[in-house]
Amino acid sequence: MRPEILFPLFGPIGSLKGVGDRVAPLLERVAGPRVRDLTFLPPQGLIHRRWALAAAAAEGEVQTLTVTIDAHLKPSRPGQPWRIRTFDETGVLTLAFFKGFGPHLEQRHPVGAVRVVSGKVERDRLGSAAQIVHPEYLVPPERAGEIPEVETVYPATAGLPSRAVRRFVVAALERAPSLPEWLDSAWLERQGWPAWRPALAALHSPQAEGDLSLQTPQRRRLALDELLAHQLALGQRKQSRREVPAPVAAASELADRAQAALPFRLTGAQARALAEIRADLASGLRMTRLLQGDVGAGKTVVALLAMMDVAAAGLQSVLMAPTEILARQHFETLQGPLADQGVNAVLLTGRSKGAAREALLAELESGSAQVAVGTHALFQDAVSFKALGLTVIDEQHRFGVSQRGRLRAKGDVAHLLAMSATPIPRTLELTLYGDLDVSNLDEKPPGRTPVATRAAPMTRLAEVIGRLRRAVEGGAQAFWICPLVAESELLDVAAAEARFTALAELFGCSVGLVHGRLPAAEKDAVMARFVAGELAVLVATTVVEVGVDVPAATIMVIEQAERFGLAQLHQLRGRVGRGSGQSSCVLLYDPPLSDIATRRLDILRQTDDGFLIAERDLELRGGGDPLGLAQSGFPAYRLADPIAHRDLIAVAADDARLVLSRDPDLASPRGQALQVLQALFDWRADGAIGEAG
Ligand code: ADP
Ligand code: MG
């Protein structure tokens, strides 16, 4: 229920004076459908309308001049503007109007009248007379006060200039009421921040460039408001998730035996994660847990042991992978250990068809198969389980939100374990996964040799190829990655094809090519030949699946490495170095490298820790979307910037946790103010893992 005090802000933008049927859709595109959305639209820039004399008016600058009307020059043919020649004591200024207002202009601005005019000054060439096309202001001197010296610039769109947007923002701000304070008052005082309404007013009236910064007190306050509203929503969702009953699966001897049969011992991190999962599975309440760990951290075996417990409890598990090839690989890894303990697993992919598919489905329905591994084919409604106890989603960031939603709906009471290798810094994790319980595999299995990483300019391509050739002759396998960066995927594919052709000529038939434009079956076939060792070199665009395990491959060559995000380079590099032998990674770049690009590639050479890499990348870029967060269901904040305000994310998360533990129903006076805050930002559940769609 929306509190009444917010009603004025939630009116449609069409309710603002001057916003008619033509303007409303344009304004909606720029800001959003409601009055509130305009108040949340941060200004983009500032215009200083400086006073000038005609002779000195600066080309390209917005200037204000006092002039006398000298003559109206009618267009001599269609397409020409109506001109007004004006002058001041230093020279001439021409005003040009391209729309047919001529006679009207002549009437309003008669020859001899004095006018104050403001707009962007143009000159054909140095020293030529100044001109202003469509001045923004042309008023008699007594109305010069209407011309702001500093003007706030807003995002505009065709048919709706910034000035119009600004006018509507001002109108929208008048609807903003004073609201009860929801931030902790002691904190607010310490920070010296304004209250909500004054903060909003200050956001929209910058006086100097510095006032546009993301770090002004007013902007930080508004950012914290937004982050707090989000963290509260996530916290509440976490609370309510924990209250859903789910089947009990206790730690089992079956899993212990499987663990004892592994050819290695679990790392401390794996053991910890398993213990956390087991506590959830035995709790009788539904688990919603994220198992996060860098590539190669060993997430699969943790999932395997959890599935063993679930099987021992007489329940079924399903493991979902984003691609066919990954699903197949998981099945091959898991089937042996599962079968050794008498657990029956089936593989179900888009390619399971006809009678074979029917048979698999029957096994799931009757419960004779306790584990299903598969691709999204498993989402299809025809699949029903006898007693689904656990759903595991591998590489969860690769699944679309709606797919996750459908999955959740199917296994409504099943526990959910999502696995992700996206290394994101802790602070950002709070905003992405604040509604989940998180287990971190922050330790890699022992005995891995770090991948020897070096950078080389494209000018040394021949040398790199020569070495690759010697390595291949010695039996090595290599990935060769071509980037997907051009506007047109076709161009990128063509580049990959050219590289493939060149290498195939040199190396003979032992080179394969995969890219996103290949039909899935063909792509899988090539990958399978590479996995089987029939191909020595695999040329690929970034379709090389995150998570594909080709232990024999020891060489990774990445072309135009400067174009990839660090996190992506790290994941690509993680495809090699899986065995105990020495692996290497060559980052080929087009010289010259910018300073930042050099430092980014250096980070990769210096460390192997995905989280550290992500954090450094963030610092180096200082903004933008280095981790591809936009694609991973990251919330679209309006006032907060997840990078610039990341210190505030932790503040918001701590505060939300504290508030919800003390006042879960938000009933206290501060709690009630927080309810207003939540309604103001109106957080919905989109982007959340496991939310029914
Ligand atoms: P990811 O976390 O990237 O999914 P995987 O589960 O594919 O990693 O594991 C990577 C490799 O490490 C696999 O070959 C797996 O058998 C191996 N592995 C997993 N845990 C351990 C361990 N504790 N000790 C040694 N090797 C391990
Ligand atoms: Mg994996």
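Order of listing sets the numbers, starting from 1, for every ligand and every atom in it.
Proximity to Arg265 (heavy-atom distance under 4.0 Å) selects the following atoms of ligand 1: 22 (C), 23 (N), 24 (N). Within ligand 1, counting atoms from 1 as listed, the ones closer than 4.0 Å to a heavy atom of Thr267 are 23 (N). Interface atoms of ligand 1 facing Pro445, defined by a heavy-atom separation under 4.0 Å, are 20 (N), 21 (C), 22 (C), 24 (N), 25 (C), 26 (N), 27 (C). Within ligand 1, counting atoms from 1 as listed, the ones closer than 4.0 Å to a heavy atom of Thr300 are 4 (O), 5 (P), 6 (O), 7 (O).
A donor-acceptor pair is defined here as one N or O able to donate and one able to accept, closer than 3.5 Å; no such pair exists between the side chain of Asp309 and the backbone of Ala249. The main-chain N or O of Val302 is never found under 3.5 Å from a side-chain atom of Gln270 such that the two would form a donor-acceptor pair.
No part of Leu441 comes within 4.0 Å of ligand 1, judged by heavy-atom distances. Using a 4.0 Å cut-off between heavy atoms, Gln270 contacts ligand 1 through its side chain alone, with no backbone atom that close.
Ala297 counts as a contact of ligand 1, since one of its heavy atoms falls under 4.0 Å from the ligand.
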Practice prompt. Show your working on salt bridge (Lys or Arg N to Asp or Glu O under 4.0 Å) between Glu332 and Arg328 and close with a plain yes or no.
Written response: CA-CA 6 Å; Glu332 277 155 19; Arg328 203 170 289 278; 5.7 Å; no
Worksheet item: Given Phe564 and Ile481, is the side chain to side chain contact (heavy atoms under 4.5 Å, CB included) satisfied, shown in steps?
Response: CA-CA 11 Å; Phe564 286 96; Ile481 308 294; 4.1 Å; yes
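For Glu253, the CD atom sits in a loose shell: 12 or fewer heavy atoms of surrounding residues, nucleotides or ligands are nearer than 6.0 Å.
By heavy-atom distance, the residue among Gly296, Gly298, Ser420 lying nearest atom 3 (O) of ligand 1 is Gly296. Distances from atom 1 (P) of ligand 1 to the heavy atoms of Gln571, Lys299, Gln329, Lys444 put Lys299 nearest.
Comment: Asp602 does not engage Arg599 in a salt bridge, judged by the lack of any side-chain N to carboxylate O separation of less than 4.0 angstrom.
Using a 3.5 Å distance cut-off with no hydrogens or angles, the side chains of Gln292 and Asn440 do pair a donor with an acceptor.
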